[in-house]
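See structure below.
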Amino acid sequence: MATLNVLILVCLGYVVLLFGVAFVADRLAASGGGKWLRSPLIYTLSLSIYCTAWTFYGAVGNAARSGLEFVTIYLGPTLVMVSWWWGLRKLVRIGRSQRVTSIADLISSRYGKSNTLAICVTTLAVLGGTPYIALQLQSITLSFSIFAEADPAGLYREGSSVFWVAAGLAVFAILFGTRNLDVNERHHGVVTAIALESVVKLFALLAVGFFVVWGIAGGLGPTLDRIDASKIGQWQVDAGRWTTLVFLSAAAFVCLPRMFQVMVVENDDESHLRTASWAFPLYLLLMSLFVVPIAVVGLDLLPEGSNPDLFVLTVPLSQGNEWLAMLSFIGGFSSATSMVIVTAMALSTMVSNHVVMPIWLNTQEGTGSVSGDVRTIVLLARRVSIAAIMALGYFYYRLSGGGAALASIGLVAFAGISQILPALVGGLFWRGATRTGALVGLSVGFALWIYTMLLPDMGGGIIPNSVIEYGPFGWGWLRPQALFGIEGMDPLVHSVLWSLSLNTIAFCVASMLSFPSPLERLQGAQFVNVFDHSTALRGWTGSVAQSEDLMIMTQRILGTIPAQEFFQAEAERQNGRRGRLPEPTPGFLERLERELSGSVGAATAHAMIGQIVGGASVSVEDLLAVADESAQLLEYSSQLEAKSAELSRTARQLREANTKLTQVSMQKDAFLSQVSHELRTPMTSIRAFSEIMRDTDGLSAAEQKRYAAIIHDEALRLTRLLDDLLDLSVLESGQVNLNMGDGTLRAMLDRAVSSALAGGERPLSVRRVRSSERIQLHTDLDRLGQVFINLISNAQKYCDAAEPILTISAHDVGGQVVIDFIDNGSGIPPEAQSMVFEKFSRVGSDKAGGAGLGLAICREIMQRLGGEVTYLPGQGGAAFRVSLPLAYRQAAQ
Amino acid sequence: MSRKVLLIEDEPNISEAIRFLLTREGWQVDTHAEGTDAVKVILAARPDLVILDVMLPGKSGMDVLRDLREHDEMTKLPVLMLTARGQSRDREMAEQAGVSRFMTKPFSNTEVLTAVRDLHAQASRS
């Protein structure tokens with residue numbers, strides 16, 4: 001009667017029911033109604049996807065094979081819920097404040113948003129999830145086969161049924177999980193459907209339990225007697241295996257992607273955890289209540305060799321209670337589908353967010369904007385991911401041969417996913433944990449898990465049996481199930497012990513040896529101190545007490561009066577009157593944030609209001625934005641500093657230039673005054689005598705001649721003065737053209753002496769050492785001659801000795817030719833020596849016709865020729881030294 | 001009565017020209033060509049009038065005049081000052097120092113003679 005067709009119809013009907021529930025729940029959630037959708041009860045029931053087909057069928061099988069060991073699978077989550085709810089609360093808080101979408105996202109986010117880590121975790125989750133999905137496939141297929149055996153039509157074929165089950169589940173998961181894209185990655189419809197399935201599977205298992213205890217065994221007392229009589233009651237507890245299993249199930253409860261999905265991502269309210277912390281263990285207790293009785297009765301009733309994993313189905317069937325068997329089947333089906341749906345959703349989120357989308361975005365780079373079709377791409381990526389994950393599960397099932405016990409497959413998955421635990425817990429509680437540490441730890445644990453558990457578990461399909469027995473290349477110490485020669489251990493305990501402990505050690509050591517990036521530091525602080533940074537409140541809401549704090553803060557930023565103005569205006573807007581603080585309504589807070597952001601920058605304003613109102617946590621993005629703003633301010637201020645330094649430098653240069661100009665101007669005034677004097681003096685004589693000659697009658701011939709001579713001399717003096725001034729001006733402006741030529745010093749001195757003495761009236765004898773004058777010069781001969789003539793005529797004019805003698809001597813000193821002109825007069829007084837080369841400086845009262853420009857001209861000429869003329873003190877008479885570089889000197893032969 | 005003028009000037013040609021002009025006017029002209037002991041010379045010579053150059057070797061005409069006016073009996077002595085620099089600042093300084101008449105070189109002979117006559121007439125009247 002109970003044909004496969006009916007079964008399939010029932011299944012389809014059940015799926016349609018689930019779909020309807022999900023649809024209605026989604027509608028309700030979208031329209032803001034259906035508060036019960038966000039109740040702690042729904043949350044708790046959704047957590048029960050922990051109990052998969054493995055639990056539903058496998059627990060009985062496990063009890064039949066290993067006694068009370070199945071309890072460990074319930075003990076782990078119970079311990080977590082009861083004693084580690086504060087850790088879960090932290091996880092949920094972080095998940096909400098960081099808008100985490102999956103466990104891969106959480107790990108990646110904690111360690112500086114590293115996509116490498118996300119890919120690692122995703123890979124691990126997919127690899128760990130694949131056997132688990134295979135397990136669900138197997139359970140459904142097995143349960144089908146039970147009914148198929150009873151089906152007279154005999155249409156059932158196992159291989160194709162697995163395929164169709166996998167395909168059906170994939171379609172189911174795609175329809176449920178990726179109907180639309182929710183911003184918060186919350187799926188109220190799916191969660192509600194799962195909650196319904198939880199009720200169904202609990203109800204089914206309880207129904208079977210009641211049937212077994214009261215319908216078959218005949219009440220509680222006889223059941224207990226049967227248990228005592230069976231071998232289950234005598235099994236010894238293996239402490240090592242128990243501890244390992246409790247630990248594994250606890251770790252998996254936290255780390256499994258589907259558990260993370262319902263516990264953290266789908267969580268609506270942190271306080272739901274409080275209810276779940278007692279209600280979920282209660283659910284687990286109810287689920288496990290009749291496991292042992294069913295196992296014991298099954299072992300008693302059914303023939304030797306029956307699969308204990310299917311007792312939940314076969315026991316009612318053996319009693320002819322097909323409707324109960326059908327209910328039981330629906331319970332198992334619920335367990336499998338809910339697990340597969342949520343797992344596929346969670347894994348596809350991870351795969352699409354961390355693998356597909358980054359690749360897609362990379363290929364899109366440079367082709368322009370990423371616009372509206374991203375949603376389509378994401379949905380497509382998720383659907384394909386789901387199909388791929390289901391395909392993986394299918395192939396795993398085919399590869400592993402489908403023969404392994406359900407519980408064993410589940411444990412493989414548990415051990416795999418537990419490798420995330422060190423990075424997860426370390427990330428939550430240890431700020432020193434780094435990306436490198438997490439990567440190294442995960443890789444080590446992952447590799448060991450594959451080597452010691454996954455590969456041997458898959459049998460001879462992947463690695464040869466010789467490797468398992470003797471180790472790779474015959475290295476015994478590398479045997480997958482006896483690493484480093486530790487033998488005789490349960491393979492599960494062995495693998496978990498090695499992989500998790502080495503994982504943890506590698507994680508810690510690598511974390512301590514590496515340095516976190518700034519983003520990692522910030523995220524680390526955000527995660528570890530999540531309760532300092534955020535509160536459970538939602539949105540911008542606050543009390544009047546916070547208004548006061550806001551007021552104080554605003555005063556500090558805007559100044560007292562503008563802040564009061566702003567608050568009063570807001571109070572008026574709210575209550576129609578001034579004089580009291582406004583309510584911190586969301587609108588007001590937004591306006592305040594805008595107002596403040598004008599002064600301190602948007603990110604800082606957001607963070608400050610967030611700190612006071614506490615509605616939203618200060619996210620890392622906020623902190624980074626604050627840091628950016630500060631950095632900009634710093635840059636502005638350093639630019640200002642640079643500008644101000646430049647300004648003060650310019651000011652100093654201007655001051656210096658001004659001082660120089662003032663000096664130059666004073667020098668120019670003095671010079672003009674001097675020139676005026678020097679011009680007016682001869683002009684005075686010329687005018688006076690010419691007037692005398694014009695106005696005076698009867699001047700003697702001698703007088704006339706004398707006065708005319710004076711006029712002539714003074715006119716010459718004027719001409720000389722003008723010549724000198726022009727000469728000096730040309731030399732000083734640097735526009736003089738040097739007329740370079742070659743000549744010997746001796747010839748030049750000959751000419752200079754004769755030309756100087758020719759015009760002079762006073763006697764001067766010149767003494768020379770002519771042999772020392774054989775020096776070849778390459779210079780402007782006329783200009784150098786001018787200097788010589790000047791010095792000789794100075795001696796002639798000013799030497800006050802009775803018999804004036806000028807001694808001219810030439811030396812070759814260190815690449816220079818040095819010519820000294822020393823007379824035997826009284827010389828220049830020391831106080832005047834420093835002045836002799838200045839313009840218009842004249843020593844003594846002697847008006848020998850010079851304007852006092854001669855030596856100044858000499859100095860300029862020598863500078864142009866690359867040499868110098870200096871006064872030699874302490875030589876008795878006046879002594880001048882002319883020195884000239886000898887770059888082109890040749891000895892005259 | 002003999003009128004005596006003391007000419008303090010370091011340019012010999014200018015000295016000669018002034019000496020020529022004033023001698024013909026009946027002045028007895030003494031000359032001195034240096035600033036350092038000019039005051040001593042004036043005090044010793046007791047001239048009726050002093051013609052003083054500004055740019056003198058040793059000590060400037062301004063200082064000579066200032067020191068001269070320190071002596072009580074010299075406050076009224078007519079002093080005609082000659083300068084070749086001709087800046088207005090020099091004129092002010094000279095007036096502060098107590099100059100009787102200030103002239104800029106080059107001057108016309110008539111100017112000098114008129115100035116000498118006026119100064120002498122004023123001095124004689126008082």
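Reminder, nothing fancy here: chain letters follow the sequence lines and each chain counts from 1.
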**Asked** Within residues 690-700 of chain A, which positions have a heavy-atom distance to chain B below 4.5 Å?
**Response** E691(A), I692(A), T696(A), D697(A), L699(A)
**H71(B), NE2 atom: more than 12 neighbouring heavy atoms under 6.0 Å** = yes
**Message:** Please check if the number of heavy atoms outside K40(B) that lie under 6.0 Å from its NZ is greater than 12.
**Reply:** no
**Proximity of residues 15-25 of chain B to chain A, residues having a non-hydrogen atom under 4.5 angstrom** = E16(B), A17(B), F20(B), L21(B), R24(B)
**Prompt:** Of all heavy-atom pairs between R687(A) and P106(B), which one has the smallest distance, and what is that distance?
**Reply:** NH1-O, 3.2 Å
**Prompt:** Is the number of heavy atoms from other residues, nucleotides or ligands under 6.0 Å of Q653(A) CD greater than 12?
**Reply:** yes
**Request:** List the atom of R680(A), the atom of K105(B), and the distance in Å for their closest heavy-atom pair.
**Result:** NH1-O, 2.8 Å
**Asked** Closest approach of N13(B) and S685(A), non-hydrogen atoms and distance?
**Response** CB-OG, 3.4 Å
**Complete:** Heavy atoms of A688(A) and N109(B) approach each other most closely as O-ND2, 3.1 Å
